[in-house]
Amino acid sequence: MTRLRFAPSPTGPLHLGGARTALYNWAAARAMGGTFILRIEDTDRERSDDKWLPTIFEGLRWLGIQWDEGPDVGGPLGPYVQMQRLPLYARYARALLDAGHAYECYCTPEEVEAGREREKAAGRRPMYDRRCRELAAAERARLVAEGRKASIRAKIPLPGTVTIEDLCKGEITVSHEEIDDWVMLRPDGIPLYNFACVVDDLEMRITHVVRGEEHTVNGFKQVLLFAALGATPPRYAHIPLILGKDGRKLSKREAVTNILEYRDKGFLADAVFNYITLLGWSFSGDRDVFTREELLARFSIDDIGKSGSKFDEEKLLWMSGDYVRRLPRARFVAEAQPFLRGLVPDDAFASATGFLGNLLGCYQERVQVLAELAGKVAWAFGDAVALDDEARGKIEKESEARAWLAQYAEHLENLPLPPSFPSDRSAADAAFVLPTPPGTAPDAVASPFAGPSRLEHDARAFAEARGVKFGRFVHPVRAALTGTTKGPGLFDCLFLLGKERALARLRAAATG
RNA sequence: GUCCCGUUCGUCUAGUCCGGCCCAGGACAUCAGGUUUUCAUCCUGAAAACAGGGGUUCGAAUCCCCUACGGGAUACCA
């Protein structure tokens with residue numbers, strides 16, 4: 001049975017690198033038909049705080065990464081939180097001690113540190129000097145009598161070499177002399193990372209471990225410990241880090257990038273998921289966008305790249321926009337709801353085909369992240385609209401603009417435009433699907449109201465009758481109606497606005 | 001310092017394992033056009049890379065060595 005795990009420590013929210021690690025483990029497990037486990041490594045009592053747990057879970061869930069076993073869902077090999085497994089570590093430590101693979105060390109952290117400094121000053125490797133490794137009984141008794149508490153250190157076999165058959169990097173070998181007699185258990189019985197990690201990977205029958213390459217050195221220690229326990233280690237894949245623009249490690253300790261910030265900015269989870277996957281893995285030579293199913297059909301740990309990648313938010317933005325554009329209209333409207341609070345009442349989201357659906361539809365190819373929406377659609381609400389500088393310019397630079405606007409308002413009065421207030425509009429709008437595709441016939445939709453293409457047809461005739469080029473005419477009208485020089489097709493806007501407000505805005509702009 | 005790992009367009013990468021199909025392909029970004037009532041979308045095109053040096057070979061982005069540069073690790077953190 002294939003089993004993989006993601007083992008975050010609750011020292012902060014889920015950041016980008018953690019999300020990618022989780023994603024690769026998840027994808028590998030799913031692609032191989034295995035099990036994906038979530039385990040919490042909270043043995044650093046200084047920095048761990050359970051308050052981060054919900055945030056981490058939420059981040060993973062937002063990305064659509066589901067775990068089969070974990071602290072909240074349980075499972076046959078729990079508990080899945082290390083601080084709840086202390087007796088287990090004590091048992092393993094005892095056995096290792098008895099078998100001579102570990103020893104008690106009575107040095108204080110300060111003494112160890114001082115020794116390290118000495119080594120360093122002497123130009124040697126700053127390591128623990130292994131002084132408690134072969135402690136005479138009398139000496140030990142003296143230290144105990146002093147009231148010292150023992151920590152347990154791994155007894156690295158000397159000499160020798162360890163090699164990791166890394167799924168990502170290939171074979172990596174290091175000499176035992178390079179490896180410290182590291183601390184497995186603190187005097188208070190709380191294990192350290194490498195120890196708890198090995199015990200749990202063993203107990204939880206983990207078969208593959210995908211983790212950041214900052215763990216490579218830990219990998220050697222862990223392989224040695226598995227050997228001491230007479231067990232086979234999992235297959236490791238130490239993957240390169242995600243780097244910031246400066247080429248430095250993207251760490252949760254420096255950059256507090258919570259993956260949920262992307263959700264709050266209105267990035268689509270699927271797009272973020274897709275983009276993160278690409279940071280070190282590629283779907284194929286000519287495609288960047290793919291579904292989860294397609295990913296699982298192709299994903300393989302040994303295809304993960306060997307070199308670090310820089311995070312590029314520009315491409316993430318593009319990808320988010322691409323996902324937004326391809327969203328079914330109803331989904332888009334639903335996704336937009338949290339970003340329109342205060343502007344649009346919640347019950348307006350019930351229908352994706354009425355006024356709101358049409359309004360939002362006009363912006364689906366105009367936003368990359370949902371948070372852009374509120375500012376862009378605001379013109380369609382409220383009675384009047386304030387013109388931005390560019391819009392004002394469009395009217396002012398055209399000497400006859402104000403006259404056209406006034407005349408156009410008169411003209412519009414005789415056209416069957418929908419009324420202005422959304423509550424009366426939904427049924428009428430449902431007959432149209434905005435944005436209006438180019439070249440739509442004027443009366444393509446049967447409706448008591450004039451649709452956008454009919455309005456355009458009419459406006460062209462209006463401009464032509466005055467000997468004005470349509471392009472020149474249209475700009476001041478857009479400015480008057482929406483207050484900006486950008487946005488959806490003008491007649492979609494006009495239709496959306498409805499009669500009363502359109503006339504009022506045209507007249508307001510006409511009188512300056 | 002020491003140990004480990006890495007190096008293809010500005011960025012993410014395909015190709016590297018099993019040398020020739022690669023005077024290196026795709027995507028983002030950039031620039032130039034086209035469509036268009038604006039913006040956006042969409043379409044077309046351009047510019048843009050095998051870190052450097054030695055080998056091996058008929059032939060190297062692909063194999064070997066060295067150098068340079070980058071990253072990671074050197075904790076009673078994870």
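Numbered from 1 within each chain, the chains take letters A, B, ... in sequence-line order. All figures in this text were calculated on a predicted structure; none of them were measured in a lab.
- Residue Arg287(A) has no polar side-chain atom (N or O) positioned under 4.0 Å from OP1 or OP2 of A14(B).
- In this structure the side chain of Thr161(A) never reaches within 4.5 angstrom of the side chain of Glu177(A), judged on heavy atoms.
- Dashed line: the shortest gap from a side-chain N or O of Thr43(A) to OP1 or OP2 of A78(B) is under 4.0 Å.
- Taking the six-membered ring where the residue is Trp, Phe470(A) and Phe473(A) present tilted rings, their angle falling between 30° and 60°.
- No side-chain N or O of Tyr275(A) forms a donor-acceptor pair with one of Asp312(A) less than 3.5 Å apart.
- Residues Asp42(A) and Gln82(A) have side chains that never bring a donor and an acceptor to within less than 3.5 angstrom of each other.
- Using a 4.0 Å heavy-atom criterion, one finds that Cys107(A) contacts the bases of the nucleic acid, with or without backbone contacts as well.
- When distances are taken from the side chain of Glu214(A) to each of U37(B), A73(B), C3(B), the shortest belongs to A73(B).
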Quiz item: Going through the distances and angles, do Tyr323(A) and Asn274(A) end up as a side-chain hydrogen bond (donor to acceptor under 3.5 Å, both in side chains)?
Solution: CA-CA 10 Å; Tyr323(A) 271 81; Asn274(A) 191 150; 2.5 Å; yes
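- Taking side-chain N and O atoms only, Ser282(A) has no distance below 4.0 Å to OP1 or OP2 of G26(B).
- Taking for each of Asp286(A) and Ser151(A) the nucleotide of RNA chain B with the nearest heavy atom, the 5'-most of the two is the partner of Asp286(A).
- Across C3(B) and G20(B), the matching C1' atoms stand 39 Å from one another, rounded to whole Å.
- In this structure, the NZ atom of Lys221(A) is 14 Å from the C1' atom of G72(B), given to the nearest Å.
- Distance from the side chain of Glu213(A) is smallest to C5(B) among A75(B), U38(B), C5(B).
- Across all strands, Gly212(A) comes closer than 4.0 Å to no nucleic acid atom at all (heavy-atom distances).
- Picking from U8(B), U37(B), C77(B) the nucleotide with the shortest atom distance to the side chain of Leu192(A) gives C77(B).
- Remark: the Lys315(A) side chain and the A29(B) base include no donor-acceptor N/O pair separated by less than 3.5 Å.
- The 5' end of RNA chain B is approached more closely, in terms of each residue's nearest nucleotide, by Gly305(A) than by the other of Asp44(A) and Gly305(A).
- No engagement by Asp166(A) is indicated, since no non-hydrogen atom pair under 4.0 Å with the nucleic acid exists.
- C4(B) and U11(B) have their C1' atoms separated by 27 Å, given to the nearest Å.
- Nucleotide A73(B) forms a Watson-Crick or G-U wobble pair with U2(B), both donor-acceptor distances falling under 3.5 Å.
- Rounded to whole Å, the separation between the P atoms of C43(B) and C23(B) comes to 29 Å.
- Atom pair Asn274(A):CG and G26(B):P shows a separation of 20 Å (rounding to whole Å applied).
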